[in-house]
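Submitted below is the structure of interest, expressed as structure tokens.
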Amino acid sequence: MASSQNQNSNFQDFLPLMASKLGGDGLIGELCNGFNLLMDGEKGVITFDSLKKNSALLGLQDLSDDDLRSMLKEGDFDGDEALNQMEFCVLMFRLSPELMEESQFLLEEALLQEFKDSC
């Protein structure tokens, strides 16, 4: 399990940096791209099999089956043993405490942009 903690720590370090460079919309777009890389193309969700098959694309090839199952369980709010896009994005934010602290800024930025677009 230590390997997954190290992998998560490495990932956590990059998410706030991505948010600051890409802005709110850009970060969400990149999270969606990550979801699309990991999902089962037929089912439209991330399953254990699709996560195991595609995890090397994100540098997670060293994670054990138990680690992968734990990741799925951590984010699976509806109990279907898979992650839909919303569950995946929420999980990525939860894995990054620093980004959670910055989420207020991202929300304000998105609201300001929405306000500017509507004027």
Side-chain angles (χ1 to χ4, degrees):
M1 192 68 159
S3 65
S4 69
Q5 290 172 345
N6 290 340
Q7 294 291 340
N8 287 343
S9 294
N10 291 337
F11 180 76
Q12 290 173 5
D13 293 341
F14 292 112
L15 207 53
L17 178 63
M18 288 174 59
S20 67
K21 292 203 180 274
L22 300 173
D25 289 341
L27 177 62
I28 296 300
E30 286 303 309
L31 287 174
C32 291
N33 289 339
F35 174 81
N36 290 334
L37 283 173
L38 295 173
M39 79 171 185
D40 178 307
E42 292 178 15
K43 297 179 181 177
V45 294
I46 298 173
T47 64
F48 171 76
D49 291 333
S50 71
L51 183 59
K52 184 171 181 158
K53 176 182 170 188
N54 299 317
S55 61
L57 296 171
L58 297 178
L60 303 175
Q61 65 273 5
D62 294 333
L63 294 180
S64 70
D65 287 358
D66 287 340
D67 288 338
L68 296 175
R69 283 188 180 92
S70 293
M71 287 174 66
L72 281 174
K73 186 177 180 181
E74 176 85 19
D76 181 18
F77 295 117
D78 60 12
D80 65 354
E81 298 182 2
L83 298 179
N84 62 38
Q85 191 171 36
M86 181 61 68
E87 289 171 327
F88 175 77
C89 289
V90 168
L91 178 61
M92 293 301 98
F93 273 82
R94 285 180 51 217
L95 290 176
S96 179
E98 185 179 335
L99 189 59
M100 288 296 290
E101 292 171 6
E102 293 178 20
S103 64
Q104 181 67 31
F105 167 77
L106 294 174
L107 176 61
E108 289 172 6
E109 181 180 295
L111 290 172
L112 283 173
Q113 186 62 43
E114 184 69 27
F115 178 73
K116 286 177 186 178
D117 291 346
S118 68
C119 292

### Task
Could you grab the distance from atom CG of D78 to atom CE of M86, nearest 0.5 Å is fine?
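Between atom CG of D78 and atom CE of M86 there are 12.0 Å.
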### Query
Which value, rounded to the nearest 0.5 Å, describes the distance between T47 atom OG1 and L72 atom CG?
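With rounding to 0.5 Å, OG1 (T47) is 7.5 Å from CG (L72).
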#### Entry: Closest approach of E81 to D76 (non-hydrogen atoms, all atoms of both residues)
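Smallest interatomic distance, heavy atoms only, reads N-OD2, 2.7 Å.
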### Interatomic distance, F48 atom CZ to K73 atom NZ [nearest 0.5 angstrom]
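The CZ atom of F48 sits 14.5 Å away from the NZ atom of K73.
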### Task
Of all the heavy-atom pairs spanning L38 and F88, show the shortest one and how long it is.
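Scanning both residues, the minimum pair turns out to be CD1-CE1, 3.9 Å.
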### Query
Which pair of non-hydrogen atoms, one from V45 and one from A82, has the smallest distance, and what is that distance?
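Nearest heavy atoms, V45 then A82: CG2-CB, 3.6 Å.
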### Query
Roughly how far, to the nearest 0.5 Å, is the NZ atom of K43 from the CG atom of D80?
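D80 atom CG to K43 atom NZ measures 10.0 Å (nearest 0.5 Å).
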### Query
What is the minimum heavy-atom distance between L68 and S55, and which atoms define it?
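The pair with the smallest heavy-atom distance is CD2-CB, 4.5 Å.
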### Task
Please check if L57 and L31 belong to a single hydrophobic cluster, counting links between Ile, Leu, Val, Met, Phe, Trp and Tyr side chain heavy atoms closer than 4.5 Å.
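Yes, L57 connects to L31 through the hydrophobic network.
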### Query
For L51 and I46, which heavy atoms make the closest approach, and how far apart are they?
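That would be CB-CG2, 4.0 Å.
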#### Entry: Closest heavy-atom pair and its distance - N54, M39
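Closest approach of N54 to M39, heavy atoms only: ND2-O, 4.0 Å.
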### Query
In Å and rounded to the nearest 0.5 Å, what is the CZ to CG distance from F35 to N84?
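The CG atom of N84 is 6.5 Å from CZ of F35, to the nearest 0.5 Å.
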### Query
Going hydrophobic residue to hydrophobic residue with side-chain gaps under 4.5 angstrom, can you get from L91 over to I28?
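Same cluster: L91 reaches I28 through Ile, Leu, Val, Met, Phe, Trp or Tyr contacts under 4.5 Å.
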